[in-house]
Amino acid sequence: MNPPNTNLRAFNLAVSTLLKSPAQFLPHLTIPTITHLPEQIGPVLESTYANTTSQEKPKPITIKALILDKDATLCAPKTTTFPPQILAKLNHLRTSPTSPFNKTTAPDSILIVSNRAGSHPTYDAEISALEKNGLQGLGIPIFRLPQGSAKKPFCGAEVLAWFRERGVVKGPEEIAVVGDRLGTDVLMAKEMGAWSIWCKDGVTEGVDPRREREGLNILEKMEAWVERYLRESRGLKAPAPKGWLDQ
């Protein structure tokens with residue numbers, strides 16, 4: 001039996017979230033592109049969420065794993081070629097001696113989760129192309145969605161199990177989901193209890209902040225508008241993951 005239409009379910013989840021708890025639609029951290037991703041993510045998040053708890057000293061935030069989107073985060077949509085600056089960023093994350101995601105000390109700490117590559121045998125050629133274009137040398141695998149499982153934002157449990165089986169994390173609050181979509185990547189983080197990082201400019205460096213990214217479809221344009229409205233007009237802020245608050 002085929003799983004329910006994920007796109008329709010994702011749209012319904014987005015609408016439900018906006019009606020019931022709109023702050024959950026917002027990312028915990030916004031960066032232009034993945035090239036701006038901090039090597040040490042925890043301290044950056046701590047500076048934003050220092051006053052979230054009643055403790056005098058902020059709780060430490062330790063990010064041990066990254067879930068990376070592919071389309072419009074690592075590559076231009078529906079392509080398998082990494083822009084040079086993004087490939088250089090991935091190389092830094094995997095080789096820097098101070099990186100929590102170094103491939104020698106933390107080989108299973110980065111996983112690509114895409115709604116194309118790895119989500120269905122139809123896209124298996126994309127996996128081979130991505131590996132040939134740099135992933136294999138970096139030791140970054142692409143998550144293969146188990147048969148019958150739904151795509152993002154509903155596969156958080158399966159991805160969390162992947163990291164736990166390899167001893168990378170104890171809980172989802174040690175994971176950061178990085179992507180360009182609020183309705184899939186950010187909501188996936190929210191559903192699984194992880195931190196979310198939104199790449200608002202996709203793979204395009206230096207987008208004019210007064211203009212939106214080119215090539216956005218209607219849903220992506222709506223997401224960007226809603227994010228700006230909730231943040232600037234409503235003054236909302238994404239709540240911290242419950243697992244971190246309960247520590």
Side-chain angles (χ1 to χ4, degrees), residues 27-49 58-75 80-114 117-118 126-144 152 155-156 158-180 185 188-189 192-199 203 205 241 243-244 247:
H28 296 107
L29 178 66
T30 298
I31 56 178
T33 71
I34 196 171
T35 59
H36 295 263
L37 184 71
E39 182 182 279
Q40 305 296 329
I41 300 170
V44 177
L45 291 169
E46 285 173 23
S47 66
T48 302
Y49 286 87
K59 292 181 180 179
I61 298 174
T62 303
I63 302 299
K64 297 181 178 179
L66 293 177
I67 296 171
L68 304 182
D69 176 45
K70 178 186 83 73
D71 289 298
T73 301
L74 299 178
C75 308
T80 55
T81 302
F82 300 97
Q85 71 274 17
I86 289 179
L87 194 57
K89 179 65 178 184
L90 293 176
N91 184 69
H92 174 84
L93 290 173
R94 293 303 264 170
T95 60
S96 169
T98 57
S99 172
F101 318 108
N102 182 288
K103 65 179 180 181
T104 300
T105 56
D108 300 314
S109 56
I110 302 181
L111 183 65
I112 292 176
V113 181
S114 169
E126 286 195 3
I127 296 179
S128 299
L130 290 164
E131 290 174 341
K132 181 180 178 181
N133 290 338
L135 285 187
Q136 200 163 44
L138 295 172
I140 299 176
I142 297 172
F143 183 70
R144 290 183 179 269
K152 293 187 295 185
C155 58
E158 292 92 333
V159 177
L160 177 58
W162 188 93
F163 283 116
R164 278 179 163 159
E165 287 166 3
R166 289 157 179 79
V168 181
V169 303
K170 293 181 179 179
E173 69 280 358
E174 297 176 326
I175 299 174
V177 181
V178 184
D180 74 304
D185 303 306
M188 176 185 177
M192 68 186 296
W195 298 92
S196 58
I197 300 176
W198 183 41
C199 299
V203 294
E205 197 76 33
W244 176 71
Q247 286 180 349

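Interatomic distance, Leu160 CG to Glu165 CD, rounded to the nearest 0.5 Å: 9.5 Å. In this structure, CG in Asn133 is found 11.0 Å from CD in Glu126, a value given to the nearest 0.5 Å. With rounding to the nearest 0.5 Å, the separation of CD in Glu173 from CD1 in Ile63 is 9.0 Å. In this structure, CG on Asp180 lies 5.5 Å from CG on Asp69, to the nearest 0.5 angstrom. The CG atom of Leu66 lies 6.0 Å from the CG atom of Leu37; values are rounded to the nearest 0.5 Å. Atom-to-atom distance recorded for Ile67:CD1 and Ser114:OG is 13.0 Å, nearest 0.5 angstrom.
Formation of a donor-acceptor pair under 3.5 Å by the Lys70 side chain with backbone atoms of Cys75 is not found in this model. In this structure, the side chain of His28 engages the main chain of Ser196 through a donor-acceptor pair within 3.5 Å. With Asn102 contributing its side chain and Ser96 its backbone, the two residues share a donor-acceptor pair below 3.5 Å.
Applying the side-chain hydrogen bond (donor to acceptor under 3.5 Å, both in side chains) rule to pairs touching residues 81-91 yields nothing, sequence neighbours excluded.
Within the 4.5 Å cutoff, the side chain of Phe143 has no heavy atoms near those of the Ile112 side chain. Put simply, the side chain of Leu45 reaches to within 4.5 Å of the side chain of Leu29, judged on heavy atoms. Looking at heavy atoms from C-beta onward, Gln40 lies in side-chain contact with Pro100 at the 4.5 angstrom threshold. No side-chain heavy atom of Ile175 sits less than 4.5 Å from a side-chain heavy atom of Trp195. Side-chain contact between Ile34 and Leu68: present, with at least one pair of heavy atoms (C-beta onward) separated by less than 4.5 Å. Side-chain contact between Val203 and Ile86 is present, with heavy atoms from C-beta onward closer than 4.5 Å. Contact annotation: the side chain of His92 never approaches that of Ser99 to less than 4.5 Å [non-hydrogen atoms, C-beta and beyond]. Residues Tyr49 and Val44 have side chains not in contact (no heavy-atom distance under 4.5 Å, counting atoms from C-beta outward).
Listed here is the closest heavy atom pair of Ala65 and Phe101: N-CE2, 3.9 Å. Minimum interatomic distance between Thr33 and Cys199 (heavy atoms only, all atoms of both residues): C-SG, 4.0 Å. The minimum heavy-atom distance linking Pro32 with His36 is given by the pair CD-CG, 3.7 Å. Residue Trp244 comes nearest to Pro60 through the heavy atom pair NE1-O, 3.1 Å, listed as atom of the first residue, atom of the second, then distance. The shortest heavy-atom contact between Asp185 and Gly179 is OD2-CA, 3.4 Å. Nearest heavy-atom pair across Val113 and Cys155 is CG1-SG, 4.1 Å.
Results of the side-chain contact (heavy atoms from CB on, under 4.5 Å) test with Ile110 over Ile140, Leu135, Val168, Val178 single out Ile140 as the only residue that passes.
Annotation: side chain to side chain donor-acceptor pair (under 3.5 Å) contacts of Ser109 (sequence neighbours excluded): Arg94.
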Pair Leu130-Phe82, side-chain contact (heavy atoms from CB on, under 4.5 Å): steps then yes or no: CA-CA 8 Å; Leu130 290 164; Phe82 300 97; 3.7 Å; yes
Test log, rule side-chain contact (heavy atoms from CB on, under 4.5 Å), inputs Val177 and Ile197: CA-CA 6 Å; Val177 181; Ile197 300 176; over 6 Å; no
Step-by-step side-chain contact (heavy atoms from CB on, under 4.5 Å) determination, Leu138 to Leu87: CA-CA 9 Å; Leu138 295 172; Leu87 194 57; 4.1 Å; yes
Test side-chain contact (heavy atoms from CB on, under 4.5 Å) applied to Met188 and Met192, step by step: CA-CA 6 Å; Met188 176 185 177; Met192 68 186 296; 4.1 Å; yes
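Taking the ring centre of Trp162 as origin, the terminal cationic atom of Arg164 falls outside the region bounded by 6.0 Å and 45° from the ring axis.
In this structure, Glu46 does not pair ionically with Lys59, as no charged nitrogen and carboxylate oxygen lie closer than 4.0 Å.
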